[in-house]
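Since the structure comes first, as structure tokens, the remarks are kept for the end.
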Amino acid sequence: MGRRHETAEVKRMLSASRLVTLTGVGGVGKTRLALRVAEDARRAFPDGVWLVELAALADPGLLAQSVSEALELRDHSSRPAVEALVDHLRDKQALILLDNCEQLVEACALLTGRLLREAPRLRVLVTSRQALGTAGEQTLPVPALALPDAEGPRLSVAALAQCDAVRLFVERAGAILPGFTVTEANRDAVEGVCRQLDGIPLGIELAAVRLRALSVQQLLDRLDDRFRLLTTGSRAVLPRHQTLRALVDWSYDLCTGKEQLMWARISVFAGSLDLEAAEAVCGGDGIDRDEVLDLVAGLVDKSVLIREQHPEEHLAAVRYRMLDTLRHYGRERLAAAGEEAERLRRHRDYYQRLAATARAELFGPSQVPWFTRLQQEHANLRAALEYSFAEPGQAAAGLGIATDLLYHWITSYYLTEGRGWLDRGLVLCPEPTEARARALWTDGWLAIIQSDIDAAAAMLDECRELGARLRQEAILGYVALYSGMIAMCRGDTESAIELYEEAVARHRAAHDPVGLALALIRLSLAHSFLGDSPRAIAVGEESLAVCDAYEEGWHRAYATMALGVEVWRQGDHERAAALERESLNFNRSLDDPLGVGVNLEVMAWISAAQSQYQRAARLLGALRNIWHHIGAPLSGYGHLVRYHEGCEADTRRSLGKQAFQAAVKEGARLSYDEALAYALQDQLPTRAPAGEGEQPSPLTPRETEIARLVARGLSNKEIAAALVIAQRTAEGHIERILSKLGFNSRAQVAVWVAGQNRSEQDVEAE
């Protein structure tokens, strides 16, 4: 709403500095301004504009991981999260918006400093109540919304309505009273409300809600009384933080007693929550469970809670979020009431139960909804883990939560974070218990995915001893399963098969379908690797049968992938391709990049076997991006690398070095979604090449025009003048041209343009 001057100023600052921080009190509109600037600047950043919300993050050690999550970076290597983040951003022209950094100022300063040094085309926009204090940072104190000049001439109604603060009030009032406008009758009261609130957006929004019950004049009268009381009669100059605090106090006082209590209790949630969580954590001791819905609805009506509708059709489709300023206020009230410790414990207990339930229901038809729900609850799950490991005597609960979240760590952006929680819990809980044994094999699998084989082997050795001491078949079954994976990684396929067969037997005895399905998938791949086709097919089909019996999808997708590998080896390329497409469709719906990567690998091998070398090379190019982002090529399936190498050698030999490299580059330029669409539909996002060696232009018409000017030898300034655009705009176009074409010099662009011209002349001659 408004902010034209500030928006232009932030854009100017971003053009001159790579780090800009918007400062100001809570509720002044820093986040809204930053989001507006980021949206307007999106076209200038071909590698994306990324929002990183930090209000719910308290642990500085998780900052780099949180940024990686927001950037959708899934790194499965064992390197520190900051190293993966730096590597990912090194050549990117992107804008990162770090929102609400005040509780992590030092950590944000260190991280942004590192990123900006290592990634020369990166820019960072920060919102915080204080500056980061780093070299090169430009800061803009965000003022309140513009108000009419108190000493100036009286504005007309139309002119008054255009003032930023008044425009926001009218917009919010219109949501309460449709058709609300500024009139001669109410203009003084409207202006008075906005002035009393110093033009603070959050204050205006909270006040406008009161129009459900009050006229504008009544609203102004009550604001006037409230602030006179709080400032001992002086209303000449009100500090913004005091004004905001007073308004939040006033909003709090206008809630019923039970709504106040609900507000305070909801403040223990991080991020968002659903009704079920509110009932479990906030009920009791003055609030009956069947009252929670009405109290939540009341807080939504009063703009204390924001209702969020999510498209997913599952239990948590409707969620609620509290603004950071209001959450901090609620936490103060909760502490003052002596309830903070109790509600934090209840919050942890609820998410402990949620994690355990998700693990129990993992292998079944509700699998995907549970994966989605856990991702939505990640901030709360993290808060529950932080509480458990910080509170004396609660570490065992934290270790149990981290263990139960195994598939959350694997199928989302949090693998490194998950391993960190497990490592921490294992240090704090050295007792030889079943919980420790489960955590050891869980952590061991994450280490295998990260290719940290020695660490995984050490954890599994300890787990084997514990399993034998406790006489737990399931524990010993998982030890055998993951030890088999390690044997495959080390090239000992015979030993791996023995271990997988042991795992199958133990999981059958323990009636554990999850472990059984996993062991059968790996056993099928191992038999296939040794050339035992009948056994590979039989075991693979048995794994499918186990999954189908439980209506399970994720493990089934991997079993289908494994069958596809063997069917391809047998020479039935059409059926193999169909199996991989089926598996890929599920892995894409789950957004599992590891599964997607293995699917694309097998599809590239199939294409090469069918002499579709152009397609194979493009898929290999797309895979370079996927494995780079994951951080571990064929993570957990390293024994399959010989098939990758064979495919690459055959494709290079058949196409020739130049055509092979061109096709690989073409595949590497595809986005993640484009690569999956190409794998499934065999269609590039641009027009298909007319001839075997002809490449479609990846440039837009405007970029093509600029590329031709580059080829003529014009400078950036001359290009800008010729096209009547800003020089920075021209520079941005040229950077995107270089990125899309995979070039690093203007001379290469000129050569490419010459080639395009020759192709067009050939077409005209025909």
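Model, not experiment: these values are computed from the prediction.
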inquiry  = Between Arg419 (side chain only) and Trp409 (backbone N and O only), is there a donor and an acceptor less than 3.5 Å apart?
reply    = no

query = What's the spacing between Asp443 CG and Arg424 CZ if we round to 0.5 Å?
reply = 14.0 Å

key: Donor + acceptor pair across side chains of Ser483, Arg464 (<3.5 Å)   = yes

query = If we only count heavy atoms from C-beta on, is the Asp404 to Arg438 side-chain gap below 4.5 Å?
reply = yes

request  = Would you mind checking if Asp47 and Arg90 are paired as a salt bridge, meaning a charged N to carboxylate O distance below 4.0 Å?
outcome  = no

note = Residues passing the ring-ring contact (aromatic ring centres under 6.0 Å, His included) test with Tyr550, sequence neighbours excluded, are Phe363

message = Tell me whether Arg373 is salt-bridged to Asp274, with the criterion being a basic N under 4.0 Å from an acidic carboxylate O.
response = yes

request  = Kindly indicate whether the side chain of Pro534, heavy atoms from C-beta on, has any atom under 4.5 Å from the side chain of Asp532.
outcome  = yes

request  = Look at the side chain of Ser654 and the backbone N and O of Asp650, then say whether any donor-acceptor pair between them is shorter than 3.5 Å.
outcome  = yes

message = Going by the rule side chain to side chain donor-acceptor pair (under 3.5 Å), which residues pair with Trp554 if we only count those two or more places apart in sequence or in a different chain?
response = Asp592

Polar contact flag, side-chain donor to acceptor under 3.5 angstrom, Gln367-Glu551 = no

ask   = Measuring from Leu89:CG to Leu71:CG, what's the distance to the nearest 0.5 Å?
value = 5.5 Å

query = Considering only heavy atoms from C-beta outward, does the side chain of Leu440 approach that of Leu460 to under 4.5 Å?
reply = no

ask   = For the residue pair Tyr414 and His408, does the interplanar ring angle fall in the parallel (under 30°), tilted (30 to 60°) or perpendicular (over 60°) class?
value = tilted

inquiry  = Would you say that Ile475 contacts Leu466 through its side chain, given a criterion of any heavy-atom pair below 4.5 Å between the two side chains?
reply    = no

ask   = Distance only, no hydrogens: is a donor on one side chain within 3.5 Å (strictly under) of an acceptor on the other, for Ser272 and Gln376?
value = no

ask   = Does NZ or CZ of Arg653 fall inside the cone over Tyr613's six-membered ring, less than 6.0 Å from its centre and within 45° of the axis?
value = no

request  = Would you check if Asn625 and Tyr672 make a side-chain contact, meaning some heavy-atom pair closer than 4.5 Å?
outcome  = no

ask   = Should Glu674 and Arg618 count as an ion pair when the cut-off is N to O under 4.0 Å?
value = no

ask   = So which heavy atom on His507 is nearest to which on Gly477, and how close?
value = NE2-C, 3.3 Å

Residue pair His378 / Arg382, side-chain heavy-atom distance below 4.5 Å = yes

key: Sequence-distant partners of Tyr482, side chain to side chain donor-acceptor pair (under 3.5 Å), two or more places apart   = none

task = For the residue pair Tyr478 and Asp512, confirm or rule out a side-chain donor-acceptor distance under 3.5 Å.
result = yes

message = Counting C-beta onward and ignoring hydrogens, is there a side-chain heavy-atom pair between Arg556 and Glu582 closer than 4.5 Å?
response = yes

key: Audit row: Glu566, Ser533, side-chain hydrogen bond (donor to acceptor under 3.5 Å, both in side chains) steps and yes/no   = CA-CA 7 Å; Glu566 178 52 35; Ser533 294; 2.4 Å; yes

ask   = Quick check: does any side chain N or O of Arg615 sit under 3.5 Å from a backbone N or O of Ala679, one acting as donor and the other as acceptor?
value = yes

query = Should Leu530 and Arg535 count as side-chain neighbours, where that means a heavy-atom distance under 4.5 Å?
reply = no

ask   = Rounded to the nearest 0.5 Å, how far apart are CH2 of Trp441 and CD1 of Ile448?
value = 11.5 Å

task = Return yes if some donor-acceptor pair links the side-chain N/O of Ser66 with the main-chain N/O of Leu62 below 3.5 Å, else return no.
result = yes

request  = Look at the aromatic rings of Tyr637 and Tyr558 and report parallel, tilted or perpendicular, splitting at 30° and 60°.
outcome  = parallel

message = Testing the 3.5 Å rule here: is there a donor-acceptor pair between the side chains of Glu601 and Trp627?
response = yes

ask   = In terms of side-chain heavy atoms, does Ser78 have a donor or acceptor partner in Gln450 at a distance below 3.5 Å?
value = no

key: Electrostatic pair Glu648:Arg642 at N-O distance under 4.0 angstrom   = no

remark   = For Ser388 and Ile401 the tightest heavy-atom approach is OG-CD1, 4.2 Å

inquiry  = Under a 4.0 Å threshold between the charged nitrogen and the carboxylate oxygen, would Arg506 count as salt-bridged to Glu502?
reply    = yes

